[in-house]
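Heavy-atom basis, side chains included; hydrogens, waters and symmetry copies ignored. The first residue of the sequence shown is numbered 1, and numbering continues consecutively from there.
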Amino acid sequence: MADDAPPAEPEVKMMDLPDGTKLPALADGEYDAIVLGTGLKECIISGILSVDGKKVLHMDRNDFYGGESASVNLNQLFAKFGAGTPKPELGNSRDFNIDLAPKFIMAGGKLVKMLIMTNVNKYLEFKQVDGSYVLKDSKINKVPATDMEAASTPLVGFFEKRRLAKFIKFVDAYDAANPSTQEVGGALCMQPGSRLTSRELFTKFGLEKGTIDFVGHALALYDSDEYLDKAATELVDRCKLYGESFARYGKSPYLYPLYGLGELPQAFARLAAVYGGTYMLHKPISRVVYDAGGAAVGIVSVGEDKQPAFASCKFIVGDPTYFPEKVTKTVKVVRCIAILSHPITPGNEPSAQIILPQNQINRNNDIYVFCVSSSHNVAAEGKYIAFVSTITTNPLCEASNPEMRKEAEKELSPGLKLLGKVDCFFFESYDVMVPQSQGEEDKCYISKSYDATSHFEQTSDDVMDLYRRIYGTPLDLSKTMVSDLSQDEEGRGRARSTREEQEEEGEEEEDGKGERRDARLTSR
């Protein structure tokens, strides 16, 4: 009997490049969109594109999800900063999920609406942040967000409390569609399109400078005073968002996911995978390929055989690190990441934000202090993770400068003083990069770097901007994109999170983090 013939080699699909050369196809070879980087912004866009029926290839040079917005364990944090091995007294490395872009979520903000419209909130569990504070006259005080709190806050004097209460009542009642709510002092002056500035609005209510500081920076969450000479309607909208977010759950307007922010991009990645998106981690991007007119038509990476391979597309979405020649440096973020054995607020809350307004610390920008703990399953029991962040234009804060840590300590000094005794800490700095173009001509839709603020509103605005640039229309946050992910998963094949995979592998036993408690996201 004749020997069996060897199996035939599978035919390799070859792809044509604009310069006339050919390369093997990467994965399926042809896609509507290629997304580079698995940061939160890119994962949200990837999920939306996939739900919309686009064929998406999503790649990352790292071997983990999250990119610049990932969460890392203690060993990974020490490795990132070249700090050797963590001391045993810090706790088990797996008990830590330390955010690289630490931010809280406004309970009524755009990110919550994106989670609900895509039904991705079903993948996540949230817990309320316990406290919101602001610095005034070298003292840390709770931020008032209702007229009753305004009446009792030590932040302002007796007569100023009345004026502040009137301002907050006006904000609460304001409706852009109702002219009767747009009057101040009997005059209609806050209608949509009004040129009344925030500075002028504050003057109409007679608010003092210290009160203006915490309204503008702790309620409206501006990071500098540039807003004072801009339209007051935006100030009022931002204050309303704070108040509405505060009213949802009480204590503070912020939410935070159990197990850290790294769960967010993974959840949107699962959405994309359910709707047919292809994911490739640990894939170097050799180059973006452009046609003769300068428009992106694909990328070159490596195939399973480690040889160059090409995937084509109609457009590319990516974070700034993949397009260094197409972005511009703006400001620099400096940050301290610290591990403590105690809370940092007057109320000893296990999670909190403290805002240090620029005028209170003689700076051009605010300093944000952000603290979380084992209550959100991101630290070992009894440990706290604190982040102190701000924006600077100090050229000596370059990461390559051997004196960077000393300069960063100077920039962050007012916030660092609030931490008390620290078990260990690290300093970092990075440039905030913005795209040089809208992407309409080169078909490269690039996101912005993460800012220094400790909330997601600017991040959400960048996602909205990316969507508008890609589709040419604004993203409607009121619509429902996905009504029931569980049914889609059953029909399409369910994508699992890293957390579930770890649990399956037995890496979560006896973590000592206790029962999960979550805040369910609703569209109300």
**Asked** Between E398 and K332, does a salt bridge (Lys or Arg N to Asp or Glu O under 4.0 Å) hold up when you go through it step by step?
**Response** CA-CA 8 Å; E398 288 286 349; K332 192 178 297 294; 3.2 Å; yes
**Prompt:** Is the shortest side-chain N to carboxylate O distance from D423 to K87 below 4.0 Å?
**Reply:** no
**salt_bridge(D465, K41) N-O dist < 4.0 Å** = no
**Item:** Test: D32 and K314 ion pair at under 4.0 Å
**Value:** yes
**Prompt:** Is the CD atom of E226 crowded by more than 12 outside heavy atoms at less than 6.0 Å?
**Reply:** no
**Asked** Is there side-chain contact between L219 and R238, with heavy atoms separated by less than 4.5 Å?
**Response** no
**Asked** Side-chain contact, heavy-atom cut-off 4.5 Å: L255 with V129?
**Response** no
**Request:** Give me the ring orientation class for Y254 and Y242: parallel if the planes are under 30° apart, tilted from 30 to 60°, perpendicular past 60°.
**Result:** perpendicular
**Fill in**
One should read off an interatomic distance between I45 CD1 and Y471 OH, to the nearest 0.5 angstrom, of 8.0 Å
**Asked** What is the minimum heavy-atom distance between V482 and N119, and which atoms define it?
**Response** O-CB, 3.5 Å
**Item:** Donor-acceptor pair between E407 and N394 side chains, under 3.5 angstrom
**Value:** yes
**Request:** Using a strict cut-off of less than 4.0 Å between a Lys/Arg side-chain nitrogen and an Asp/Glu carboxylate oxygen, indicate whether D28 and K55 qualify as a salt bridge.
**Result:** yes
**Prompt:** Of F425, F427, F426, which meets ring pair (Phe, Tyr, Trp, His ring centres under 6.0 Å) against F81?
**Reply:** F426
**Request:** Determine, step by step, whether I105 and V112 satisfy the side chain to side chain contact (heavy atoms under 4.5 Å, CB included) criterion, reporting the C-alpha distance in whole Å, the side-chain angles of both residues, the deciding distance to 0.1 Å, and the verdict.
**Result:** CA-CA 7 Å; I105 301 170; V112 167; 3.6 Å; yes
**Prompt:** Does the pair Y322 and I446 meet the rule for a side chain to side chain contact (heavy atoms under 4.5 Å, CB included), with working shown?
**Reply:** CA-CA 9 Å; Y322 289 91; I446 306 169; over 6 Å; no
**Message:** Working to the nearest 0.5 angstrom, can you tell me the gap between S46 OG and L36 CG?
**Reply:** 11.0 Å
**Asked** Any salt bridge between K283 and D60, counting N to O under 4.0 Å?
**Response** no
**Request:** Look at atom CD of E89 and say whether more than 12 heavy atoms of other residues, nucleotides or ligands are closer to it than 6.0 Å.
**Result:** yes
**Basic-acidic side-chain contact under 4.0 Å: R363, E411** = yes
**Message:** Using the ring centroid of each side chain, check whether Y256 and H376 are separated by less than 6.0 Å.
**Reply:** yes
**Asked** Around atom CD of E68, are there more than 12 heavy atoms of other residues, nucleotides or ligands at under 6.0 Å?
**Response** no
**Item:** Derivation and outcome, ring pair (Phe, Tyr, Trp, His ring centres under 6.0 Å), residues F104 and F370
**Value:** CA-CA 8 Å; F104 289 139; F370 171 113; 3.9 Å; yes
**Prompt:** Would you find a donor on one side and an acceptor on the other, under 3.5 Å apart, between the side chain of H342 and the backbone of L419?
**Reply:** yes
**Request:** Walk me through it: do F126 and L115 pass the test side chain to side chain contact (heavy atoms under 4.5 Å, CB included)?
**Result:** CA-CA 12 Å; F126 294 86; L115 288 163; 3.7 Å; yes
**Item:** Backbone of G260 reached by a side-chain donor or acceptor of N97 within 3.5 Å
**Value:** no
**Asked** Would you call K406 and E409 a salt bridge, taking side-chain N to carboxylate O under 4.0 Å as the test?
**Response** no
